[in-house]
Protein chains: 2
Amino acid sequence: MEQSPARSSSVTVADVAREAGVSKATAARVLGGYGTVSAKVRDAVKAAASALDYRPNELARSMTTGRSGTIGVVVGDIENPFFSLAVRGITDVARLAGFNVILSNSGEDVAAEKAAIRTLVAKRVDGLIVSPAKEGDVEHLKDIERSGRPLALLDRSARSLNVDTVIADDRHAAESVTRLLIAQGHRRIAYVTACDTADHVFRTPEDIYTDSVRRRIEGHLGACREASLEGVEQWVCVGANRPEATRQIVMGMFRSTERPTAIIASDSVIGLEVFRVTRELGLILPDDLSLVSFHDADWTSVTSPPVTVVQQPVYQLGEAAARLLVGRLKGETGEGRRVVLDTRLIERASVGPAPSPAS
Amino acid sequence: MEQSPARSSSVTVADVAREAGVSKATAARVLGGYGTVSAKVRDAVKAAASALDYRPNELARSMTTGRSGTIGVVVGDIENPFFSLAVRGITDVARLAGFNVILSNSGEDVAAEKAAIRTLVAKRVDGLIVSPAKEGDVEHLKDIERSGRPLALLDRSARSLNVDTVIADDRHAAESVTRLLIAQGHRRIAYVTACDTADHVFRTPEDIYTDSVRRRIEGHLGACREASLEGVEQWVCVGANRPEATRQIVMGMFRSTERPTAIIASDSVIGLEVFRVTRELGLILPDDLSLVSFHDADWTSVTSPPVTVVQQPVYQLGEAAARLLVGRLKGETGEGRRVVLDTRLIERASVGPAPSPAS
DNA sequence: TTGAAAGCGTTACCAG
DNA sequence: CTGGTAACGCTTTCAA
């Protein structure tokens with residue numbers, strides 16, 4: 001009982017070394033688990049360390065090694081079940097590989113994304129996983145590349161970046177959805193996305209800066225073209241980035257003379273609000289309207305009727321991105337790899353034949 | 001055009017100082033935004049900095065200042081909508097106050113929680129927000145206190161710790177729920193929680209180590225006592241920590257001779273699974289069974305019938321915890337404060353009169 | 001207002 | 001196998 005071990009000021013290797021009667025370098029070797037020391041000395045140092053309740057200062061360690069054991073993650077919105085599940089996949093893999101995760105929310109805003117990345121790089125994270133808000137605006141991502149830190153893209157690719165990328169097979173998924181609807185006789189199929197354009201009107205997929213969504217819309221439009229549908233672009237609705245906006249959009253569609261007979265929701269948050277609104281409007285699914293949503297969110301299976309969805313391997317998306325990044329961190333080199341995970345259409349009861357054009 | 005600004009090795013204050021023709025100390029003053037420098041020198045340094053594309057090293061900065069501008073957050077499961085929403089509240093407040101968040105998942109496991117906290121402290125986070133998995137096992141939390149770093153508890157208090165704590169009014173909420181059910185004639189009311197006991201059997205609230213849940217069960221049992229119900233302890237089901245376990249529990253209850261007429265789900269993940277199982281069993285809500293869930297998760301309002309829930313101010317819980325912590329970080333001192341936020345019972349159609357005891 | 005130099009707690013190199 | 005010592009990049013006295 002020399003003194004209370006619980007001192008407020010932190011115990012350093014120097015303290016431990018003194019206590020153990022060895023040099024700072026030797027103490028550092030056993031505490032840091034590198035180099036070689038005799039068993040006797042090691043025990044002495046370990047004893048001293050626990051007696052003093054030594055806690056390594058990772059900050060100092062990172063300073064000299066250049067590695068922080070941390071990976072930075074920037075996503076659009078952690079509150080969105082899509083991202084929280086993906087983040088879970090990331091953190092699980094990261095922890096197993098001995099890395100911590102610093103999480104940042106961009107709110108799908110490029111300026112915030114830029115700031116988040118700047119901070120993360122300043123904190124010297126070892127690598128980053130980003131879900132870029134806008135594919136066109138990725139200069140700040142190139143900065144990461146330049147800084148020598150590995151970067152992996154989650155759910156959204158960026159053509160101008162040669163980095164590891166993990167996405168889902170969005171184009172194919174959207175094609176399947178639209179084909180399904182068309183096969184059921186639907187001709188007026190609305191596609192609702194949170195992405196927005198300058199004038200809140202959709203004209204071509206090039207207007208859409210969020211890569212995953214653009215691919216979906218391309219798939220959707222492709223399937224429409226197959227069926228020789230006309231004027232399909234006007235059925236793509238942008239700007240559903242808050243529940244009220246979604247509500248506005250859906251309400252607007254049903255006030256107009258040409259109502260949609262089917263709606264595709266680009267994510268589950270939108271899908272949920274569409275479901276709510278249609279119910280408020282007294283519409284019966286699938287008789288009055290067919291509904292398909294991206295992301296197999298928990299609620300989609302318990303509604304009446306349950307909602308047909310595109311099941312995305314969200315957790316696996318996160319896992320894969322983390323795995324690629326960890327690989328780089330462990331020294332893998334070479335061109336950016338591109339992983340495309342399969343989606344699956346889960347058909348439930350929210351899709352049915354298009355209502356006869358009696359309206 | 002002296003040289004390409006995008007060097008891989010990082011630019012330091014010394015480099016900027018040299019470029020600007022001033023001392024390292026002066027450059028550091030303008031770059032760090034402290035001390036006083038003449039306008040002329042400041043401009044020169046800033047020009048040099050941007051010419052060289054200087055990026056501060058937060059690690060080095062933290063080393064000397066002792067502050068890292070980071071707060072550590074340890075929650076049970078980021079995938080649970082409850083926590084992801086609370087985390088959103090935390091990160092929003094933190095960012096506004098200039099702090100980053102390092103997120104860790106404990107998986108409700110004390111060992112993992114301990115490891116996470118150790119790492120976070122080693123990384124010299126400025127403060128921590130923790131949702132302790134078990135109230136009884138909080139020695140590692142006391143370590144935080146001892147290290148001089150502020151700690152705030154989220155959703156779960158720990159009597160033995162004198163720290164800022166933000167919880168919801170769980171006891172009162174549970175009381176209201178149970179009273180409501182009893183008023184509707186229910187006598188066999190099951191309470192299902194993810195918390196577990198050593199032998200997977202509930203006897204007294206002392207068996208429950210998760211503070212928020214214990215308070216709820218106390219409230220529930222209290223209301224039962226008011227109504228002189230007997231043998232209510234046997235209706236508290238523990239161990240519903242995975243969907244399959246929940247399924248198991250609910251199935252078991254309905255196979256037995258004494259079926260419950262009402263179920264209270266201790267969180268929305270359990271509530272969802274209960275809903276699924278009852279539907280599979282062909283039970284009609286609320287005719288055959290009444291259901292109430294804690295947490296106003298998105299799905300609860302779109303089911304048929306929609307589910308009566310205890311609305312917890314989840315986002316605000318996170319906000320409040322972060323605010324208290326940031327306050328400490330800015331120098332506030334004194335005893336640990338305790339914030340109790342109100343809950344609200346949202347009555348929907350999943351609750352009805354108890355079925356007549358014809359079974 | 002500016003500069004020189006001493007830390008912060010590690011790791012890493014180089015002798016012994 | 002061990003010890004001395006120089007980094008790492010920044011902040012912070014203390015003088016000038």
Side-chain angles (χ1 to χ4, degrees), chain A residues 7-46 48-49 52-70 119 121-126 147-148, chain B residues 7-46 48-49 52-70 119 121-126 147-148:
Chain A
R7 299 188 335 193
S8 175
S9 65
S10 49
V11 178
T12 74
V13 275
D15 299 323
V16 175
R18 198 177 318 115
E19 176 81 7
V22 298
S23 77
K24 205 173 63 166
T26 304
R29 271 188 276 261
V30 9
L31 263 17
Y34 58 92
T36 43
V37 279
S38 67
K40 195 163 70 180
V41 172
R42 174 168 35 244
D43 292 346
V45 172
K46 280 188 171 165
L52 262 38
D53 191 33
Y54 166 76
R55 308 289 182 98
N57 183 333
E58 288 292 343
L59 246 40
R61 188 170 281 176
S62 302
M63 269 275 295
T64 54
T65 60
R67 280 164 278 115
S68 65
T70 307
T119 314
V121 171
K123 285 215 190 306
R124 297 300 192 260
V125 293
D126 294 334
S147 82
Chain B
R7 298 189 335 192
S8 174
S9 64
S10 48
V11 178
T12 73
V13 275
D15 299 324
V16 176
R18 198 177 318 115
E19 176 83 7
V22 299
S23 77
K24 207 173 60 166
T26 305
R29 273 189 272 261
V30 8
L31 263 17
Y34 55 93
T36 44
V37 279
S38 67
K40 194 163 71 179
V41 172
R42 174 169 34 246
D43 292 347
V45 171
K46 281 190 170 165
L52 262 37
D53 192 31
Y54 166 77
R55 307 289 180 98
N57 184 333
E58 287 293 342
L59 245 39
R61 187 169 283 173
S62 302
M63 269 276 293
T64 54
T65 59
R67 281 164 277 114
S68 65
T70 307
T119 315
V121 171
K123 284 214 193 305
R124 298 297 192 263
V125 293
D126 293 335
S147 82

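The model shown is predicted, which means the values in this text are computed figures rather than measured ones. Residue numbers start from 1 in every chain, and the chains themselves are labelled A, B, ... in the order their sequence lines are given, proteins ahead of strands.
If you take CZ of Arg42(B) and P of dT1(C), they are 9 Å apart, rounded to a whole angstrom. If you take CZ of Arg124(A) and C1' of dT11(C), they are 17 Å apart, rounded to a whole angstrom. The distance between atom CG of Asn57(A) and atom C1' of dC8(D), rounded to the nearest whole Å, is 13 Å. dG3(C) atom P lies 14 Å from atom CZ of Arg18(B), rounded to whole Å. Remark: P of dC1(D) and NZ of Lys40(A) are 13 Å apart, rounded to the nearest angstrom. Here dT10(C) presents its P atom at 9 Å from CD of Glu58(A), a figure rounded to the nearest Å. Atom NZ in Lys123(A) sits about 15 Å away from atom C1' in dG9(D), given to the nearest Å.
In summary, of the residues considered (Asp15(A), Val16(A), Val45(A)), a side chain to side chain contact (heavy atoms under 4.5 Å, CB included) with Tyr54(A) occurs for Val16(A) alone.
In terms of heavy-atom proximity, Pro56(A) sits nearest to Arg61(A) at CB-NH2, 3.6 Å. Met63(A) and Met63(B) make their closest contact through CG-CG, 3.7 Å (heavy atoms, listed as atom of the first residue, atom of the second, distance). Among all heavy-atom pairs drawn from Ala48(B) and Ala20(B), the shortest one is CB-CB, 3.8 Å.
The phosphate of dT2(D) has neither OP1 nor OP2 within less than 4.0 Å of any side-chain N or O from Ser23(A). The shortest distance between the side-chain N/O atoms of Thr26(B) and the OP1/OP2 oxygens of dT2(C) is not below 4.0 Å.
At the heavy-atom level, Ser38(A) lies under 4.0 Å from the strands shown only through sugar-phosphate atoms.
For the atom pair Lys24(A) NZ and Leu31(A) CG, the distance stands at 12.5 Å (nearest 0.5 Å).
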Open item on the list: Applying side chain to side chain contact (heavy atoms under 4.5 Å, CB included) to Glu58(A) and Ser68(B), what does each step give before you reach the verdict?
Closed with: CA-CA 12 Å; Glu58(A) 288 292 343; Ser68(B) 65; over 6 Å; no
Task: Annotated protein contacts, base or backbone, on nucleotides 11-16 of chain D with a non-hydrogen cut-off under 4.0 Å, one of B, S, - each - done: BB----
